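These notes concern the structure reproduced below.
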Amino acid sequence: YGQSGNQNIDPYTSQRLYGPQSSQFMYNGEWINSYGVSQNPNPDLKWETTAMTNIGLDYTIWEGRVSGTLDFYNKETKDMLYKYNVPSPPYQYNQLLANGASMTNRGVEFMVNVVAVDRPDFSWTTNFNVAYNKNEIGSLDSNVDNLSISERYEGTMYLEGWTAQTVSIVKPGLPIGTFYTYKYMGYDAKQQKTLYENAAGEIVTIDKLKSPDDYQVVGSALPKVTFGWNNTFRYKRWDLNFFLRGVTGNKIFNASRADLSRLTQAAICNISHEAVEDGIMEAPQPSSRWLENGSFLKLDNVTLGYQFDTEKMPGINNLRVYITGQNLFTITKYTGIDPEVSLSGLAPGIDNRNYNIKQKVKVFVLIIGTAVLAGCTNLDETIYSSYTDENFPSSPKQYASMTGPIYVAAQKLFDNNLYELQEMGTDEIIVPTRGGDWYDGGRYVDMHYHNWTPSHVLVTNAWNTGFNAIGT
């Protein structure tokens, strides 16, 4: 059990702030932009407080072949920051940021690691994790001037004809991301009308509905279960790794599909194939018609590699070739671009006109080789480095100053299209301690790893000539 505070509060949040207003006034023959209060002061603002109770079990059986964890948790957050609508006057602005809201998260997490096969020429290790979480809003009452609200509508839609209608609700007893809108019941082809269920349970057309009186809870954006499965296989010098993950039990409001369903505007707007097949000529309305199953299973990453035997390769300590594929496939019933939509904020799970096709791009990377050259030296001899305790780079800044001139000179090669540079940022790469002309202290420094690839035939020939000379 423990308590923690959230200090992630922007500066000046508790102060009265002034900003430009939409109105202007005449002064000395010129129109001047007016300034006014843009934020009410609240000197009583404080950190959010989170109390966490966790009961866990770590286990290892069968001589370490199977291990894992099982955790039950109850997380209660109080004094959450919330923007309350307030009257003006007496307040100078129509909103006040104050503490007061509360929320709980309860759930269970399970993870298992298994060494399924462990033989000299073949091994298989696998780990699986699954988590269940239940979210619930507690109170929306504030500790300032008895501010209290029973519910708040979120998820404002700005599609044509929807006039800032909402599709989510924040209400005590419900989870964040609760969809709250009209309940769609189908389409009457004879009347050519869409049908809905009102608050009394009657089947009516859209003109008989009243918002928000006829809104209903129609689903939740938060997944009930999340899971992941990682596997690593090794056969002699080959290795294969793949990672699958997914979620289940959540809904997505596909506003993109609604926006592409305006058959009456087909002459001036893009229309989806599904809308043409449905043949519904009515203008789309916010409702559960646009709610879809958000469950998915993704193959996030696959890597296939081969480790070469470098014993008979003079000057090379390590050489491995591998190919990696990312975002290879997604299994889902969701009809939008990607079922992995944002789950942050007070109205998660809304795919609001997301046409970013990059989310469906499959990425393949082929690394031809990763080699460490030992250099033109007898590896049995003692290497005397020019680096000592006194001049060894002890900070990224010092390292950059020592190597900067080298990169400046090398940049001229890039300007002439002689080399291509691929830079892969790393956090803490340990400095080589043998065979690389480094001081044998083995310190950690922040640096970058670079691949220099000759892109001009003259440079390639020069490198080949140099290596042939070394070999002879």
Side-chain angles (χ1 to χ4, degrees), residues 3-10 13-17 37-53 73-107 133-157 164-183 199 210-224 250-251 253 286 342-350 352:
Q3 287 188 347
S4 62
N6 180 9
Q7 62 177 356
N8 189 22
I9 303 177
D10 293 334
T13 303
S14 63
Q15 306 297 315
R16 178 184 288 108
L17 298 182
V37 174
S38 59
Q39 177 179 284
N40 288 312
N42 184 359
D44 298 321
L45 272 185
K46 58 182 179 179
W47 290 2
E48 299 175 353
T49 302
T50 298
M52 180 82 167
T53 302
Y73 62 88
N74 181 25
K75 182 179 179 182
E76 299 183 6
T77 304
K78 300 179 181 179
D79 296 323
M80 298 178 65
L81 296 177
Y82 196 78
K83 284 189 176 181
Y84 293 88
N85 294 324
V86 294
S88 177
Y91 290 93
Q92 293 178 295
Y93 189 67
N94 60 6
Q95 284 189 329
L96 175 69
L97 183 66
N99 298 97
S102 63
M103 182 173 60
T104 61
N105 284 280
R106 301 182 180 92
N133 181 76
K134 182 180 180 181
N135 173 274
E136 183 176 323
I137 301 170
S139 171
L140 297 179
D141 296 339
S142 173
N143 57 355
V144 177
D145 292 340
N146 297 319
L147 292 177
S148 177
I149 57 175
S150 59
E151 59 189 27
R152 176 169 170 172
Y153 302 118
E154 296 286 347
T156 303
M157 296 283 100
Q165 296 193 53
T166 60
V167 296
S168 298
I169 189 172
V170 176
K171 185 177 181 179
L174 296 177
I176 290 289
T178 296
F179 290 113
Y180 192 65
T181 183
Y182 295 133
K183 186 175 181 180
K210 182 180 179 180
S211 64
D213 296 345
D214 287 317
Y215 283 177
Q216 300 185 44
V217 173
V218 290
S220 175
L222 299 184
K224 293 181 179 179
N250 61 305
K251 298 289 186 181
F253 190 91
S342 173
L343 294 179
S344 62
L346 296 177
I350 298 177
N352 195 356

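Everything numeric in this text was worked out from a predicted model, so none of it was measured. When reading the values below, keep in mind they use all heavy atoms of this one structure, side chains included, and skip hydrogens, waters and symmetry mates.
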What is the minimum heavy-atom distance between [X] and [Y], and which atoms define it?
X    : Y    : value
A347 : E154 : CB-CB, 4.0 Å
A199 : D213 : CB-O, 3.7 Å
Q95  : V86  : N-CG2, 3.7 Å
Y180 : V217 : CD1-N, 3.6 Å
E76  : T104 : CG-CG2, 3.7 Å
R152 : K83  : NH1-O, 2.5 Å

Could you check whether any side-chain heavy atom of [X] comes within less than 4.5 Å of a side-chain heavy atom of [Y], counting everything from C-beta outward?
X    : Y    : value
F179 : I169 : no
S102 : S139 : yes
P212 : Y153 : yes
M157 : I350 : yes
D141 : I149 : no
M80  : M103 : yes

Handout entry: Lys/Arg cation over aromatic Y93: R16, 6.0 Å, 45° cone
Key =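 No - R16 does not lie over the ring of Y93 by the 6.0 Å and 45° rule.
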Exercise for the section: List in chain and number order the residues that pass salt bridge (charged side-chain N to carboxylate O under 4.0 Å, His left out) with E151, two or more places apart in sequence or in another chain; answer none if no residue qualifies. Expected result: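 Salt bridge (charged side-chain N to carboxylate O under 4.0 Å, His left out) check on E151 returns K171.
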Could you measure the distance from the [atom1] atom of [X] to the [atom2] atom of [Y]? Nearest 0.5 Å is fine.
X    : Y    : atom1 : atom2 : result
N135 : N133 : CG    : CG    : 6.5 Å
L222 : K134 : CG    : NZ    : 12.5 Å
L97  : N40  : CG    : CG    : 10.0 Å
T156 : Q165 : OG1   : CD    : 10.0 Å
Y84  : L96  : OH    : CG    : 9.0 Å
T77  : I137 : OG1   : CD1   : 12.0 Å

Practice task
Ignoring hydrogens and angles, tell me if any N or O in the side chain of T181 forms a donor-acceptor pair with the backbone of P286 under 3.5 Å.
Solution key: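 Flag set: sc T181 to bb P286 pair under 3.5 Å.
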Handout entry: Flag for Y82-N99: side-chain donor and acceptor within less than 3.5 Å
Key =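 On atom types as modelled, these side chains do not qualify, holding no pair under 3.5 Å.
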Practice task
Could you pull out all residues at least two apart from Y182 that satisfy ring pair (Phe, Tyr, Trp, His ring centres under 6.0 Å)?
Solution key: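 With neighbours one apart ignored, the set is Y215.
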Exercise for the section: Let me see the working for N74 and N105 under side chain to side chain contact (heavy atoms under 4.5 Å, CB included), right down to the final yes or no. Expected result: CA-CA 6 Å; N74 181 25; N105 284 280; over 6 Å; no
Practice task
Step by step, work out the side chain to side chain contact (heavy atoms under 4.5 Å, CB included) result for V144 and N42.
Solution key: CA-CA 9 Å; V144 177; N42 184 359; 4.0 Å; yes
Exercise for the section: I would like to know whether S220 and T178 meet side-chain hydrogen bond (donor to acceptor under 3.5 Å, both in side chains); could you show each step before the answer? Expected result: CA-CA 5 Å; S220 175; T178 296; 5.1 Å; no
Problem - Non-neighbouring partners of L343 that pass side chain to side chain contact (heavy atoms under 4.5 Å, CB included), sequence neighbours left out - result: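 Here the qualifying residues are P223, P348.
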